[in-house]
Amino acid sequence: MLRIGLLTSGGDCQALNAAMRGVVKGLSANVKDLEVYGFENGYKGLIYGEFRLLTSRDFSGILTKGGTILGTSRQPFKLMRTPDENGLDKVEAMKQTYFKLNLNCLVILGGNGTQKTANLLREEGLNIIHLPKTIDNDIYGTDVTFGFQSAIDIATDAIDCIHTTAASHNRVFIVEVMGHKVGWLTLYAGIAGGADIILLPEIPYDIDKVVEAIHNRTKDGKGFTILAVAEGAISKEDAALSKKEYKAKVAEHKYPSVSYEIAEKIKEACGTEVRVAVPGHTQRGGSPCPYDRVLCTRLGSAAAKAIMDGEFGCMIGMVNGKTKRIPLGDVAGKLKMVDPDSQMIKEAKRMGISFGI
Ligand code: F6P
């Protein structure tokens, strides 16, 4: 008898169900006696013993279904060692649930924070496999995370739609793209959507250079400009502040996000109409794109193989087109960021895209 647990934690994305389907189909086709326990709402389900026994029927027809059939929640890693409001030791509670169910392995799908807790559970002696989920693509050790390509499609669609209205009205438009503290999603969607200016957290912008890029387009007879701005974009002045100073500055901001601050500065400097469009959580919604369906099927199937081989304590990543078992201890807590000196950034610059520097 093989007993596995599954949980999805952190922000959702389009391909979580596809990945779980990959794991379970990969196992059920090869293991005679299989029990699959699905923990509800992320680590919460593991802490409080909220789970359900799943059958192969639960994994049928979910390849194309966005969200997660298990539900998810954010349980910050930094609070994992802090008892809950009733004094419950969360880590001990998770271990108890795992051992009470006599699980052979727990498959955890999630992003960076989720991965840190997965690694903690590994250190506590649990058999863990992590699958790298996030639209942000910021997980270290894998070339790509699932959810990323699907989110690129949506963010690119948003920029495409803005193009026509920006051109009709001769306006400057900012499309604010998700991605937390990294710029992968903005970089890819910005290039795919033909944005004129792309602002990323990894390349602190100079507002004068942003304004100059808009002026140059106007001089060239272009009536509109599109900026793809990462939600984590930061000015060079703000990047020079300490973490504490920056937090204090953000706390007294009147702007809902960085895009509105940039919009106001552009309006002041250029005197043009500026609009901000925020696709927000639509970027995590809907069906996974075909690329993500294939990626998740491969990662899920590779996870099933690792479980059958009895190899745990790893993330199943994609490296140079091949699935790979990467020790969790080597990657947990590290962030994969856009390299400002990378070939891709240089190529984009050569095309005339401004990064505000
Ligand atoms: O990590 C995925 C992500 O969508 C980020 O891009 C974004 O900053 C964050 O989650 C939003 O979190 P929430 O869904 O909690 O608002």
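One-based numbering, in listed order, for ligands and for the atoms of each. Treat the numbers as computed from the prediction; the structure is a model and nothing was measured.
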### Query
Do NZ/NE/NH1/NH2 and the carboxylate oxygens of Lys90 and Glu124 come within less than 4.0 Å?
no
### Task
May I ask you to identify, for His281, whether its side chain, its backbone, both or neither come under 4.0 Å of ligand 1 on a heavy-atom basis?
side chain
### Query
Where is the nearest protein heavy atom to atom 1 (O) of ligand 1: which residue, which atom, and how far?
Asp136 OD2, 2.7 Å
### Query
For atom 11 (C) of ligand 1, what's the nearest protein heavy atom and its distance?
Arg284 NH1, 3.6 Å
### Query
Which atoms of ligand 1 sit under 4.0 Å from any heavy atom of Arg74?
9 (C), 10 (O), 11 (C), 12 (O), 13 (P), 14 (O), 15 (O)
### Query
What part of Ile135 sits under 4.0 Å from ligand 1 if we count only heavy atoms: the side chain, the backbone, both or neither?
side chain
### Arg217 to Phe224 six-membered ring, cation-pi geometry met (6.0 Å, 45°)
yes
### Task
Check whether any heavy atom of Gly179 sits under 4.0 Å from an atom of ligand 1.
yes
### Task
Hey, could you give me each pair passing side-chain hydrogen bond (donor to acceptor under 3.5 Å, both in side chains) that has a residue in residues 158-174? Not counting sequence neighbours.
Arg171-Glu273
## Note on the structure
A student checking ligand 1 against Glu231 at a 4.0 Å heavy-atom cut-off should list atoms 5 (C), 6 (O), 7 (C), 8 (O)
### Task
Identify, with sequence neighbours excluded, every residue that meets side chain to side chain donor-acceptor pair (under 3.5 Å) alongside Ser150.
Asp292
### Query
Is the backbone of Gly22 close enough, under 3.5 Å, to the side chain of Ser301 for a donor and an acceptor to pair up by distance?
no
### Message
Tell me whether Lys267 at atom NZ has more than 12 heavy atoms from other residues, nucleotides or ligands lying less than 6.0 Å away.
### Response
no
